[in-house]
Amino acid sequence: TPGQQFTDTFRRQQASQLREQAIKAASAKQRKAYERYERGVRAEEDGDLKKARANYRLALGSARGALRAEVIKRMRANGW
């Protein structure tokens, strides 16, 4: 029926928009995780291990994939 087709089309569009929003949110979290990782690296290079550890831990909370592996590698290298 025309009403059902309209409803199906609306649901598909809504699902597509929700997927796009989820992808954008995930990308934003990854950017934030990378920023925290970078702050950790700078702090580590400056000798501020307390600050480095704090930033690595913050990055670890939302980092995925290769970034997550790199954060874990840095933390293990320092015995955290």
Side-chain angles (χ1 to χ4, degrees):
T1 65
Q4 184 63 37
Q5 289 175 344
F6 175 79
T7 301
D8 290 344
T9 300
F10 177 76
R11 286 186 181 150
R12 279 194 297 276
Q13 288 173 345
Q14 192 175 31
S16 177
Q17 288 172 347
L18 290 173
R19 275 193 298 277
E20 286 179 34
Q21 288 173 351
I23 290 168
K24 287 178 184 177
S27 296
K29 285 183 179 181
Q30 275 294 98
R31 277 194 304 276
K32 192 70 171 171
Y34 186 75
E35 290 170 9
R36 290 172 172 161
Y37 166 76
E38 286 289 308
R39 276 189 248 150
V41 170
R42 284 193 303 272
E44 189 176 351
E45 289 171 352
D46 292 344
D48 190 347
L49 297 183
K50 186 175 180 181
K51 187 175 181 181
R53 181 179 181 197
N55 279 289
Y56 289 150
R57 290 181 72 190
L58 288 169
L60 192 60
S62 55
R64 299 287 176 256
L67 178 58
R68 184 174 183 82
E70 183 61 27
V71 172
I72 291 170
K73 184 175 109 178
R74 290 267 187 170
M75 291 181 78
R76 285 186 179 156
N78 286 292
W80 301 324

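Here, residue 1 is the first one in the sequence, and each next residue gets the next number. Below, all heavy atoms of this structure are taken into account, side chains as well, without hydrogens, waters or symmetry copies. Since the model is a prediction, treat every value here as computed from it, not as a measurement.
Rounding to the nearest 0.5 angstrom, the gap separating the CG atom in Asp48 from the CZ atom in Arg42 is 12.0 Å. Atom CG of Leu58 and atom CZ of Arg39 lie 8.0 Å apart (nearest 0.5 Å). Summarising the geometry, atom OG1 belonging to Thr7 is positioned 10.5 Å from atom CZ belonging to Arg12; distances are rounded to the nearest 0.5 Å.
A side-chain N or O of Glu38 and one of Tyr34 form a donor-acceptor pair less than 3.5 Å apart.
Between the side chain of Arg36 and the backbone N or O of Tyr56 there is no donor-acceptor pair closer than 3.5 Å.
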| query | Are Lys51 and Asp46 close enough, and set up right, to give a side-chain contact (heavy atoms from CB on, under 4.5 Å), and what steps lead you there? | reply | CA-CA 10 Å; Lys51 187 175 181 181; Asp46 292 344; over 6 Å; no
| message | With side-chain contact (heavy atoms from CB on, under 4.5 Å) as the criterion, how do Met75 and Leu60 come out once you've worked through the C-alpha distance, each side chain's angles and the decisive distance to 0.1 Å? | response | CA-CA 10 Å; Met75 291 181 78; Leu60 192 60; 4.0 Å; yes
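In plain terms, the two heavy atoms of Ala52 and Ala43 that are nearest each other are N-CB, 3.6 Å.
Leu67 places a side-chain heavy atom less than 4.5 Å from the side chain of Gln30.
One finds a salt bridge joining Arg74 and Glu70 here, because a Lys/Arg side-chain nitrogen approaches an Asp/Glu carboxylate oxygen to under 4.0 Å.
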